[in-house]
Amino acid sequence: DRCHRRQPVIPLHDLERRSGTPLVTRVILLANILVWLYILTLLDRPAALGAFYDRWSFDPAELRSALTAGELTPQPLMPLVTHQFLHGGWLHLIGNLLYLWIFGDNVEDRLGSARFLVFYLAAGVFAALGQAVVAPAAMVGASGAIAGVLGAYMVISPTARVRTLVFLGIFITVVTLPAIVVIGEWLLIQVLAGVEMMRLAPHRATENVAYIAHIAGFVAGIVLVRLLRPRNGRERGRR
């Protein structure tokens, strides 16, 4: 689910204060990095690398076959979760983890660590299923789950200030923008790219940018954060 289009703005960090240490966010970040480091050890063994991706990436066709055969076991369902910790390259990994690092801690702060873990994995599952309905191809990446984090952040802190790298032609500058602008710009790109891909070349929906997963994850994040009832009444501040 790599997104290869350059973003006109790239968030650097938000200015929202949190009350505790985002343990789950950090564990998820570390898990993604460790899995990627393990993948690097397989680069000189293409057969092992391919087998690893085949086993842990999410393939909608395999899930559909298992469900049709009545095999409701953990094995065909596990890739719905495990694919969220696989990536296809350095840029894929770094881009995803940047967004998780910036926005995940405050969502975890509002939900609590246990509920945030459930939220994160569920958003990734719904994102993958949404992509599978439109383009049933094998997929890897945390983008769907992180899109859910962005959706939740839009609900809980839409006016939060975000330090952002902005590209203005050949000029680059750093400005502070509301989260609704930064995340809204990201969402607009996903929607426009998804519509373009489906309208101009539907067969390309099976390629390596899972725009529908991003959109589905974002919507799932909005719904899930409301269902999981983030803690209210906390003193909110800035740093």
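All figures in this text were calculated on a predicted structure; none of them were measured in a lab. Throughout, residue positions are numbered sequentially from 1 according to the sequence presented.
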If you group Ile, Leu, Val, Met, Phe, Trp and Tyr by side-chain heavy-atom gaps below 4.5 Å, do [X] and [Y] land in one group?
{"X": "Val175", "Y": "Val9", "value": "yes"}
{"X": "Leu91", "Y": "Leu97", "value": "no"}
{"X": "Phe58", "Y": "Val133", "value": "no"}
{"X": "Val27", "Y": "Val118", "value": "no"}

Derivation of the side-chain contact (heavy atoms from CB on, under 4.5 Å) call for Phe116 and Asp109: CA-CA 8 Å; Phe116 177 73; Asp109 193 48; over 6 Å; no

Counting C-beta onward and ignoring hydrogens, is there a side-chain heavy-atom pair between [X] and [Y] closer than 4.5 Å?
{"X": "Val223", "Y": "Phe126", "value": "no"}
{"X": "Val81", "Y": "His83", "value": "no"}
{"X": "Ile172", "Y": "Val166", "value": "no"}
{"X": "Thr159", "Y": "Ile180", "value": "no"}
{"X": "Leu15", "Y": "Arg163", "value": "yes"}
{"X": "Val191", "Y": "Tyr211", "value": "no"}
{"X": "Phe218", "Y": "Met154", "value": "yes"}
{"X": "Trp56", "Y": "Phe85", "value": "no"}

[Y] versus [X], side-chain donor and acceptor atoms under 3.5 Å:
{"X": "Thr176", "Y": "Arg161", "result": "no"}
{"X": "Thr25", "Y": "Asp105", "result": "no"}
{"X": "Asn106", "Y": "Ser157", "result": "no"}

Tell me, with the steps shown, if Leu12 and Thr164 meet side-chain contact (heavy atoms from CB on, under 4.5 Å). CA-CA 5 Å; Leu12 300 175; Thr164 307; 5.9 Å; no

Look at atom CG of Leu40 and say whether more than 12 heavy atoms of other residues, nucleotides or ligands are closer to it than 6.0 Å.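 Result for CG/Leu40: enclosed.
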
Does atom CG (Leu77) have a neighbourhood of more than 12 heavy atoms from anything else shown, all under 6.0 Å? yes

How many angstroms lie between [atom1] in [X] and [atom2] in [Y], if you round to the nearest 0.5 Å?
{"X": "Ile102", "Y": "Ile10", "atom1": "CD1", "atom2": "CD1", "answer": "9.5 Å"}
{"X": "Met139", "Y": "Ile212", "atom1": "CE", "atom2": "CD1", "answer": "10.5 Å"}
{"X": "Ile28", "Y": "Leu121", "atom1": "CD1", "atom2": "CG", "answer": "6.5 Å"}
{"X": "Leu23", "Y": "Leu117", "atom1": "CG", "atom2": "CG", "answer": "11.5 Å"}
{"X": "Arg64", "Y": "Asp59", "atom1": "CZ", "atom2": "CG", "answer": "8.5 Å"}
{"X": "Asn32", "Y": "Leu86", "atom1": "CG", "atom2": "CG", "answer": "8.5 Å"}

Does the side-chain contact (heavy atoms from CB on, under 4.5 Å) test come out yes or no for Trp186 and Leu150, once each step is laid out? CA-CA 9 Å; Trp186 173 89; Leu150 297 182; 3.7 Å; yes

Could you walk me through whether Leu49 and Ile39 pass side-chain contact (heavy atoms from CB on, under 4.5 Å), step by step? CA-CA 7 Å; Leu49 179 64; Ile39 288 172; 3.7 Å; yes

Locate the shortest heavy-atom distance separating [X] from [Y]; write the atom from each residue and the value.
{"X": "Pro60", "Y": "Ala138", "answer": "CD-N, 4.1 Å"}
{"X": "Ala145", "Y": "Gln84", "answer": "CB-OE1, 3.7 Å"}
{"X": "Val140", "Y": "Tyr53", "answer": "CG1-CD2, 4.0 Å"}
{"X": "Gln190", "Y": "His214", "answer": "OE1-ND1, 2.7 Å"}
{"X": "Ile222", "Y": "Val155", "answer": "CG2-CG2, 4.0 Å"}
{"X": "Tyr99", "Y": "Ile146", "answer": "CB-CG2, 3.7 Å"}

Report the relative orientation of the aromatic rings in [X] and [Y]; use parallel for angles under 30°, tilted for 30 to 60°, perpendicular for over 60°.
{"X": "His87", "Y": "His92", "result": "perpendicular"}
{"X": "Trp36", "Y": "Trp90", "result": "perpendicular"}
{"X": "Phe103", "Y": "Tyr153", "result": "perpendicular"}

Backbone of Ala51 reached by a side-chain donor or acceptor of Arg55 within 3.5 Å: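 No, because the side chain of Arg55 does not come within donor-acceptor range (under 3.5 Å) of the backbone of Ala51.
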
